[in-house]
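Written out below as structure tokens is the structure these notes cover.
Letters A, B, ... mirror the listed sequences (proteins, then strands); counts begin at 1. From a predicted model like this one, the values you see are computed outputs, not experimental measurements.
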Protein chains: 2
Amino acid sequence: MAGRPRDEGARQVILRRAADLASQDGLEGLSIGRLAAELGVSKSGLFGYFGSKEELQLATIRTAMSVYVAEVIEPALSVPPGLERVRRLCESWLSYSQRRVFPGGCFFFAVTAEFDARSGRVRDAVAAAGLDWIRFVTRTVEDARQLGELAGDTDADQLAFELISFMENANVVSLLHDDPGAYERARTAIRNHLSTYT
Amino acid sequence: MAGRPRDEGARQVILRRAADLASQDGLEGLSIGRLAAELGVSKSGLFGYFGSKEELQLATIRTAMSVYVAEVIEPALSVPPGLERVRRLCESWLSYSQRRVFPGGCFFFAVTAEFDARSGRVRDAVAAAGLDWIRFVTRTVEDARQLGELAGDTDADQLAFELISFMENANVVSLLHDDPGAYERARTAIRNHLSTYT
DNA sequence: CCTACCGATCGGTAGG
DNA sequence: CCTACCGATCGGTAGG
């Protein structure tokens with residue numbers, strides 16, 4: 001539990017910066033020395049907050065999750081369950097990616113691709129976060145179906161997979177090809193796609 | 001042009017191995033020392049083939065492209081242009097990912113996520129390969145439309161974006177959650193999706 | 001294509 | 001929370 005009684009505000013500033021860096025260079029590319037230098041503190045001082053690089057990585061993921069909840073989940077929950085919440089959830093995600101809340105685009109896209117073929121606690125934490133997200137989208141779709149706002153035979157798992165596909169591809173295309181039109185392509189895909197399920 | 005007159009067969013063995021490692025740990029995670037140790041040669045001996053880490057990374061991308069052409073593009077080109085070629089292209093891609101031609105799943109998915117927020121020659125090479133792929137899918141779709149096998153008002157860019165979305169999401173979900181069902185979800189999505197365009 | 005090395009940086013620790 | 005350090009590893013080079 002190294003560092004837990006320390007200044008919690010400073011800790012969150014460190015972790016928010018770590019998440020920004022990791023969205024661009026990955027959680028392995030995030031080095032304690034570079035992070036310390038950017039924050040103007042000593043390497044061992046920063047190290048003391050976490051105790052190991054792996055703990056820093058895990059704490060960074062938790063901080064990124066709280067940003068994700070505030071930017072993507074909460075805006076969707078401000079709308080009542082149903083098709084409008086599904087639309088709002090997709091739009092919140094695209095806006096979160098497009099506004100570059102993390103400078104490297106979606107934090108979880110970056111670290112998922114980095115750790116999807118590895119093993120260990122960091123990979124497990126990334127996988128758990130990914131599963132939470134899939135389940136939340138699926139539940140949001142299933143609510144809309146049960147309310148009669150999507151066709152009764154809608155396969156919620158299938159539709160959630162398809163919506164997530166469009167969103168993540170917009171993120172990567174916009175980053176790699178510096179093409180903001182990818183977001184409009186995703187919005188068109190989502191709009192047309194939802195209309196085939198109604 | 002360091003190393004070009006050397007044994008070309010040995011060079012390709014090195015690069016194929018490098019592509020396997022990079023699909024799991026990334027092109028930055030690929031270290032010359034580790035690669036040399038795995039191949040049982042000295043670090044400086046291996047280094048002499050490439051002259052710099054960046055040249056090794058660029059050569060690895062070119063080798064991965066030739067694998068991709070053989071595994072994904074050529075099977076599609078063995079079918080005449082039209083809707084059947086579109087279907088074959090998607091199936092070749094899903095098979096390439098699912099058979100783990102590269103142990104970390106699609107090589108280009110891994111290195112795209114790694115370099116999409118960076119700059120430099122490696123990023124540019126990854127982006128150029130990605131653009132080639134998008135254009136090939138778009139052209140394959142457009143051929144089918146012009147042959148009257150997709151609706152006349154089909155937007156080839158849009159449909160290519162949607163098909164690629166499904167394929168890439170299957171790759172990452174299957175890796176992160178060890179869920180081969182992701183490929184069936186992508187196949188269902190592609191089948192249903194193509195039928196809405198006909 | 002090898003051994004042996006360079007300076008830089010890595011994660012992590014000792015001591016204060 | 002600092003300075004100063006540890007051994008390991010990085011990309012790259014000298015010399016043969």
Side-chain angles (χ1 to χ4, degrees), chain A residues 1-22 24-61 111 114-115 118-123 125, chain B residues 1-22 24-61 111 114-115 118-123 125:
Chain A
M1 303 297 273
R4 282 302 151 75
R6 286 168 207 250
D7 182 336
E8 186 59 27
R11 195 170 188 273
Q12 281 307 314
V13 168
I14 293 165
L15 289 171
R16 189 60 183 75
R17 182 75 164 193
D20 278 355
L21 290 174
Q24 296 174 290
D25 299 326
L27 278 165
E28 290 294 343
L30 176 70
S31 94
I32 296 168
R34 261 183 62 219
L35 181 56
E38 291 216 32
L39 292 162
V41 299
S42 73
K43 202 176 77 168
S44 72
L46 190 145
F47 189 88
Y49 278 89
F50 307 103
S52 74
K53 177 162 184 180
E54 189 177 64
E55 286 300 330
L56 168 62
Q57 292 172 320
L58 294 168
T60 300
I61 291 168
V111 302
E114 185 180 9
F115 282 91
R118 303 189 189 194
S119 58
R121 296 173 66 206
V122 176
R123 178 231 158 89
Chain B
M1 304 297 270
R4 280 304 152 74
R6 289 168 203 249
D7 181 335
E8 188 57 29
R11 196 171 186 273
Q12 280 308 313
V13 168
I14 293 166
L15 289 171
R16 190 58 182 78
R17 181 75 163 195
D20 277 356
L21 290 176
Q24 297 174 288
D25 298 327
L27 279 166
E28 289 296 343
L30 176 70
S31 94
I32 296 169
R34 262 184 60 216
L35 181 58
E38 291 214 32
L39 291 162
V41 299
S42 73
K43 203 176 76 167
S44 73
L46 189 144
F47 189 88
Y49 278 90
F50 307 101
S52 74
K53 177 162 182 180
E54 189 176 65
E55 285 300 331
L56 168 62
Q57 291 173 321
L58 293 168
T60 300
I61 291 168
V111 303
E114 186 181 7
F115 283 90
R118 302 190 192 195
S119 60
R121 297 173 67 205
V122 176
R123 179 231 159 90

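The distance from atom OH of B:Tyr49 to atom P of D:dG12 is 18 Å, rounded to the nearest whole Å. Remark: P of D:dG12 and CG of B:Leu35 are 14 Å apart, rounded to the nearest angstrom. Atom pair A:Leu39:CG and D:dC2:C1' shows a separation of 16 Å (rounding to whole Å applied).
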Report all interatomic pairs (protein N or O, nucleotide N or O of nucleotides 9-11 of chain C) with separations under 3.5 Å.
unit_1	atom_1	unit_2	atom_2	d
C:dC10	OP1	A:Ser31	OG	2.7
C:dG11	OP1	A:Lys53	NZ	2.9
C:dG11	OP2	A:Ile32	N	3.2
C:dG11	N7	A:Lys43	NZ	3.1
C:dG11	O6	A:Lys43	NZ	3.3

Please tabulate, for the side chains in residues 38-47 of chain A, all donor-acceptor contacts under 3.5 angstrom to protein atoms that are two or more places apart in sequence or on a different chain.
unit_1	atom_1	unit_2	atom_2	d
A:Glu38	OE1	A:Arg17	NE	3.4
A:Glu38	OE1	A:Arg17	NH2	2.4
A:Ser42	OG	A:Gly45	N	3.0

message: Apply salt bridge (charged side-chain N to carboxylate O under 4.0 Å, His left out) to residues A:Arg11 and A:Asp7 and explain how you reach the verdict.
response: CA-CA 6 Å; A:Arg11 195 170 188 273; A:Asp7 182 336; over 6 Å; no
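Residue B:Leu15 holds its CG atom at 8.5 Å from CG of B:Leu35, rounded to the nearest 0.5 Å. Between the CZ atom of B:Arg123 and the CG atom of B:Leu27 there is a distance of 14.0 Å, given to the nearest 0.5 Å.
For A:Ser44 and D:dC2, a side-chain-to-base donor-acceptor distance below 3.5 Å is present, hydrogens and geometry of angles not being considered. Not a single donor-acceptor contact under 3.5 angstrom links the side-chain atoms of B:Ser42 to the base of C:dT3.
By the 4.5 Å heavy-atom criterion applied to side chains, B:Phe50 and B:Ile14 are counted as neighbours.
Here B:Arg121 pairs with B:Glu54, B:Glu55 under the side chain to side chain donor-acceptor pair (under 3.5 Å) rule; sequence neighbours left out. Residues that satisfy the side chain to side chain contact (heavy atoms under 4.5 Å, CB included) test with B:Ala37, not counting sequence neighbours, are absent from this structure.
Listed by first and then second residue, the side-chain hydrogen bond (donor to acceptor under 3.5 Å, both in side chains) pairs involving residues 24-34 of chain A are A:Asp25-A:Arg34 (not counting sequence neighbours).
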field: Paired and unpaired positions of DNA chain C as dot-bracket, Watson-Crick or G-U wobble under 3.5 Å, | denoting a partner strand
entry: ||||||||||||||||
